[in-house]
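The structure appears right after this line, and notes come after that.
Quick note: numbers below take in every heavy atom, side chains included, and nothing from hydrogens, waters or symmetry partners. Quantities reported herein were computed from a predicted structural model and do not represent experimental measurements. All residue numbers in this chain count up from 1 along the given sequence. Both ligands and their constituent atoms are indexed starting at 1 by order of listing.
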Amino acid sequence: MQDQITQYTSEILAFEPSSAEELEIFRIKFLGTKGIIKDLFDAFKAVSPEEKRLLGKVLNEFKKTAEERYLQFKDAFESGSGADDAKLDLTLPGEGFENGSRHPLSLVRSEIIEIFKKLGFTVAEGPEIEDDWHNFSALNFPQEHPARDMQDTFFIKKDAENGDIALRTHTSSVQVRMMENGKPPFRSIMPGRVYRNEAISARAHCFFHQVEGLYIDENVSFADLKQTLFYFVQEMFGEGTKVRFRPSYFPFTEPSAEMDISCTICGGDGCAFCKHSGWVEILGCGMVDPNVLENCGIDSTKFTGYAFGMGIERITNLKYQIKDLRLFSENDVRFLKQFQSEII
Ligand code: PHE
């Protein structure tokens, strides 16, 4: 019996089926209810007790070998890959994973944050659903003032008594919360999503992303604002990018300005992108209006400050020359996978 088992064992180890049918024949032959192993166990019952001790072990080993051989091929056939997979070649190159990539807006957002961090700005966040006070009134927008129309607001709840509830139209609301809840000096940026009721087109969307900034301390001047933003532009768009400030109006800053940079596409010579002016607008800024400071409990005779706000989409458009805003929210992987960066 021992010799028989040795012979069968080499047969089993040499067995390499090329189809599921061959494997099934193998199973019936060795492991089936009328198979060789069953016969051997039947015969085993008749052997003498001394022999049993030795043979029992051999027989069990043999059964295990047959079962393992069977399962090894069964798995390969069941995974649909056929017999070739059973001869797994670990030296073959792997199949590799396709890595995802970060969204261009979050790449640029991280880049903006990194630049301002170097200047000592911290990052602050706040709610996207805001009340009238934080989005408008504290920021010096008088009730019924046409300046409120500058930002087409999505109102959630109209409430004359307690103030309307709306989707925030800018992250200046986070500045208000910060000033109300702390003591100057403040030096922070506020990244976040904002909402405006605009028809969706290549140039406008009903939501977009901003990074606003606030710096409040004693003796902060417009010169500080200019130098900070100049530094930001050099870091973001490269040394030598020019900036210019144009007077503007915002209810919460006085004086107010808009800042342009020399066109990133033509370098300032004039092209279709910059409408042949050589300049493109990137942000609004100004000195925080003393009314706003007082509204937030800050002594405007002691402290001054500046604020600025930019759209991340706009910065991304300029940096990567993307002309259609809608690409940012369509989740088309052909677009998204073009953006790779070391910033995680
Ligand atoms: N909150 C303004 C906007 O969303 C931007 C801004 C911020 C302008 C701070 C001036 C100062 O349009």
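- Contacts of Phe252 with ligand 1, taken as heavy-atom pairs under 4.0 Å, involve the side chain alone.
- The residues Arg177 and Glu130 are annotated as salt-bridged, a charged nitrogen and a carboxylate oxygen being separated by less than 4.0 angstrom.
- Atoms of ligand 1 lying under 4.0 Å from any heavy atom of Phe308, numbered from 1 in the order shown and given with element: 7 (C), 9 (C), 11 (C).
- Closest to atom 5 (C) of ligand 1 by heavy atom, among Gln175, Glu212, Met287, His170, is Glu212.
- The heavy atom nearest to atom 3 (C) of ligand 1, considering only Met190, Arg196, Arg168, Met310, is found in Arg196.
- Of all atoms in ligand 1, listed by their number and element, those nearer than 4.0 Å to a heavy atom of Phe250 are 8 (C), 10 (C).
- With respect to Glu111 and Lys319, a salt bridge is recorded, a charged nitrogen being found less than 4.0 Å from a carboxylate O.
- Contact check on Arg196 versus Asp152 returns no salt bridge, with no Lys/Arg side-chain nitrogen under 4.0 Å from an Asp/Glu carboxylate oxygen.
- Heavy-atom contacts of Gln210 reach the following atoms of ligand 1: 3 (C), 4 (O) (cutoff under 4.0 Å).
- A cation-pi arrangement, defined by a distance under 6.0 Å to the six-membered ring centre and an angle within 45 degrees of its axis, is absent between Lys38 and Phe41.
- Taking the six-membered ring where tryptophan is involved, the planes of Tyr215 and Tyr306 are perpendicular, since the angle between them exceeds 60° and thus also 30°.
- With a 4.0 Å heavy-atom cut-off, ligand 1 is reached by the backbone of Cys285 but not by any atom from C-beta on.
- The atoms of ligand 1 that sit less than 4.0 Å from any heavy atom of Ser172 are 1 (N).
- Ion pair Glu11/Lys29 flagged as a salt bridge, since at least one NZ, NE, NH1 or NH2 atom sits closer than 4.0 Å to an Asp/Glu carboxylate oxygen.
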